[in-house]
Amino acid sequence: MSLPPRIAVVGAGPAGLLLACRLHQAGIPFQLFETDAGPGARAQGGMLDLHADTGQAALRSAGLFERFQQVARYEDQGLRMFDAQGRLLLDDDGLGGDRPEVDRGHLRDLLLGALPVDCVRWGHALRQAAVDGQEVVLQFGNGVIERFDLAVGADGAWSRLRPLLTDVRPRHAGISLYELSLRNVDVDHPQLAALVGRGTLVAKGGARTLFAQRNADAHVRVYASLPQVLDDGEPAPQETRSSLLEHFADWAPDLRGLIAAADDAVRPWPIHMLPVGHRWDHCGAVTLIGDAAHVMPPAGEGANLALRDAADLADALCSPDWRAALRGHEQVMFARAAESAAAAQRMLLAGSVAQMLEEMGGDSASVASPDARLVDGRP
Ligand SMILES: Cc1cc2nc3c(=O)[nH]c(=O)nc-3n(C[C@H](O)[C@H](O)[C@H](O)COP(=O)(O)OP(=O)(O)OC[C@H]3O[C@@H](n4cnc5c(N)ncnc54)[C@H](O)[C@@H]3O)c2cc1C
């Protein structure tokens with residue numbers, strides 16, 4: 001009887017944690033390495049809406065759907081879309097939709113809670129990796145060196161395992177997002193709370209976009225998206241609340257209020273992407289899932305794909321001929337990601353709410369509720 005493969009999972013984001021849950025449930029041994037010093041080492045950021053056939057399906061496959069429903073916010077699926085003059089173009093209360101929102105921190109807690117307490121090897125930042133015959137050798141920043149039969153890169157956009165498979169690196173997508181926060185919004189900023197509604201606000205004016213998302217605990221996260229050209233490795237320029245207000249100087253005062261009333265802290269998110277259709281030649285010792293495999297501009301799919309990749313890879317690794325199944329899994333993942341990446345790129349290039357809606361499939365595919373209302377008729 002052959003020995004089970006020695007599996008390393010690098011990265012404890014949505015992809016790595018979901019894979020770990022599935023392997024743990026199947027009794028397949030693995031090691032899970034994460035660069036963060038511990039579960040509370042950094043804030044997890046904004047919210048995600050989980051889709052039925054990807055994110056939700058992955059949680060179901062791990063028997064976690066009921067627990068997910070305890071933290072999922074079905075009531076926050078609304079979508080309000082405006083132009084830069086503040087004209088409301090789409091008002092969808094999201095009721096009856098099936099893309100519930102979840103805060104990233106809640107999702108991470110849910111996945112961590114399904115694993116043994118000491119499962120994640122925190123403080124293990126992968127520095128270097130090499131394929132040696134049929135094995136892969138992983139070297140971590142803390143001096144640990146270990147060998148595996150299969151290393152799974154779930155280590156996000158700047159994967160340290162990706163160079164074993166391809167020379168392609170993510171490039172800047174031409175935009176950077178600047179994240180701001182409004183806390184206790186119902187009490188401190190009731191007008192802005194009403195403007196955002198129960199879910200997400202999107203306002204578009206040419207190449208500039210404002211997103212605002214209602215998170216748990218009456219916390220609204222605002223993302224101001226600006227066109228930028230950054231060279232390889234160049235950080236996004238730092239912006240402040242007042243410099244962002246200048247970028248949006250010709251926008252409606254109500255929309256600018258989302259920036260003006262926010263806290264002082266501004267977090268830049270330069271957006272990077274791998275080429276649409278990115279793939280690699282199969283290598284039995286290394287594979288990638290999630291952003292490591294197909295980082296793309298945010299269009300509501302990245303975490304969903306990451307979870308689905310992980311569930312599908314777990315299915316493959318549970319198969320008696322896991323090597324053949326792994327190869328098949330990669331082909332399915334490549335095709336799925338290529339479709340989403342192409343859509344994300346088209347969304348990135350959209351210059352108006354009308355074009356965004358076009359990319360979202362009008363008022364059916366991505367708009368949550370069946371009776372979504374186009375306020376002025378189709379813009
Ligand atoms: C501003 C913004 C908004 C977004 N909004 C949405 C949204 O609404 N919906 C959606 O579906 N997606 C969204 N995304 C995309 C989503 O965040 C990602 O697609 C998703 O987090 C990918 O999950 P992952 O597990 O593959 O990678 P990650 O979430 O990046 O996790 C990677 C993990 O690996 C660890 N790691 C990294 N390097 C190493 C190393 N060398 N050694 C060990 N560990 C390492 C990291 O610390 C991290 O824990 C958004 C992205 C951005 C930037």
Where is the tightest heavy-atom contact between [X] and [Y], given as atom of each residue plus distance?
| X | Y | value |
| --- | --- | --- |
| W251 | G205 | CZ2-N, 3.4 Å |
| R108 | A12 | NH2-O, 3.4 Å |
| K204 | V353 | CB-CG2, 3.8 Å |
| R241 | A262 | CD-O, 3.2 Å |
| L111 | C21 | O-SG, 3.5 Å |
| A344 | P297 | CB-O, 3.6 Å |

Side-chain donor or acceptor of [X] paired with backbone N/O of [Y] under 3.5 Å:
| X | Y | result |
| --- | --- | --- |
| Q331 | G328 | no |
| N215 | Q213 | yes |
| D309 | G290 | yes |
| Q77 | R99 | yes |
| D291 | G302 | no |
| D91 | R80 | no |
| E75 | R198 | no |
| E301 | S340 | no |
| E135 | R147 | no |
| H24 | G27 | no |

Check whether any side-chain heavy atom of [X] sits under 4.5 Å from a side-chain heavy atom of [Y], and report yes or no.
| X | Y | answer |
| --- | --- | --- |
| L317 | R22 | no |
| F248 | L255 | no |
| T54 | L307 | no |
| H106 | F68 | no |
| N304 | L50 | yes |
| L180 | L244 | yes |
| Q228 | P270 | no |
| V202 | M356 | yes |

- Message: I'd like to know whether L177 forms a side-chain contact (heavy atoms from CB on, under 4.5 Å) with T209, so could you lay out the CA-CA distance, the side-chain angles of the two residues, the decisive distance to 0.1 Å, and finally the verdict.
- Response: CA-CA 9 Å; L177 305 190; T209 314; over 6 Å; no

Can a donor-acceptor pair be found between the side chains of [X] and [Y] at a distance below 3.5 Å?
| X | Y | result |
| --- | --- | --- |
| D53 | H51 | no |
| Q355 | R346 | no |
| Q31 | H124 | no |
| H219 | D103 | no |

Establish whether [X] and [Y] are linked, either directly or via other cluster members, by ILVMFWY side-chain heavy-atom contacts under 4.5 Å.
| X | Y | value |
| --- | --- | --- |
| V276 | L348 | no |
| L64 | I28 | yes |
| L107 | M47 | no |
| L349 | I271 | no |
| L305 | L288 | no |

- Task: I would like to know whether L313 and L326 meet side-chain contact (heavy atoms from CB on, under 4.5 Å); could you show each step before the answer?
- Result: CA-CA 7 Å; L313 176 58; L326 171 61; 3.5 Å; yes

Determine whether more than 12 heavy atoms belonging to other residues, nucleotides or ligands lie under 6.0 Å from atom [atom1] of [X].
| X | atom1 | answer |
| --- | --- | --- |
| N142 | CG | yes |
| D263 | CG | yes |
| Q128 | CD | no |
| E234 | CD | yes |

- Query: With a 4.0 Å cut-off, would you call R208 and D250 a salt bridge?
  - Reply: yes

- Query: Is any NZ, NE, NH1 or NH2 atom of the basic residue among R323 and D149 found under 4.0 Å from an Asp or Glu carboxylate oxygen of the other?
  - Reply: no

Say you draw a straight line from [atom1] of [X] to [atom2] of [Y]; how long is it, rounded to the nearest 0.5 Å?
| X | Y | atom1 | atom2 | answer |
| --- | --- | --- | --- | --- |
| L192 | I259 | CG | CD1 | 11.0 Å |
| F82 | L90 | CZ | CG | 10.0 Å |
| L19 | F30 | CG | CZ | 7.5 Å |
| D36 | W122 | CG | CH2 | 6.5 Å |
| L230 | R171 | CG | CZ | 12.0 Å |
| H294 | F334 | NE2 | CZ | 9.5 Å |

- Query: If you look only at pairs with a residue in residues 269-278, which of them pass as a side chain to side chain donor-acceptor pair (under 3.5 Å), with sequence neighbours excluded?
  - Reply: E179-W269

- Query: Using a side-chain heavy atom cutoff under 4.5 Å and only I, L, V, M, F, W and Y, what cluster partners does L274 have?
  - Reply: V168, V295

- Applying side chain to side chain donor-acceptor pair (under 3.5 Å) to D321 and not counting sequence neighbours gives none

- Could you walk me through whether Y178 and L226 pass side-chain contact (heavy atoms from CB on, under 4.5 Å), step by step? CA-CA 8 Å; Y178 290 88; L226 298 177; 3.9 Å; yes

- Apply side-chain contact (heavy atoms from CB on, under 4.5 Å) to D188 and R183, showing your working. CA-CA 8 Å; D188 292 351; R183 292 174 201 277; over 6 Å; no

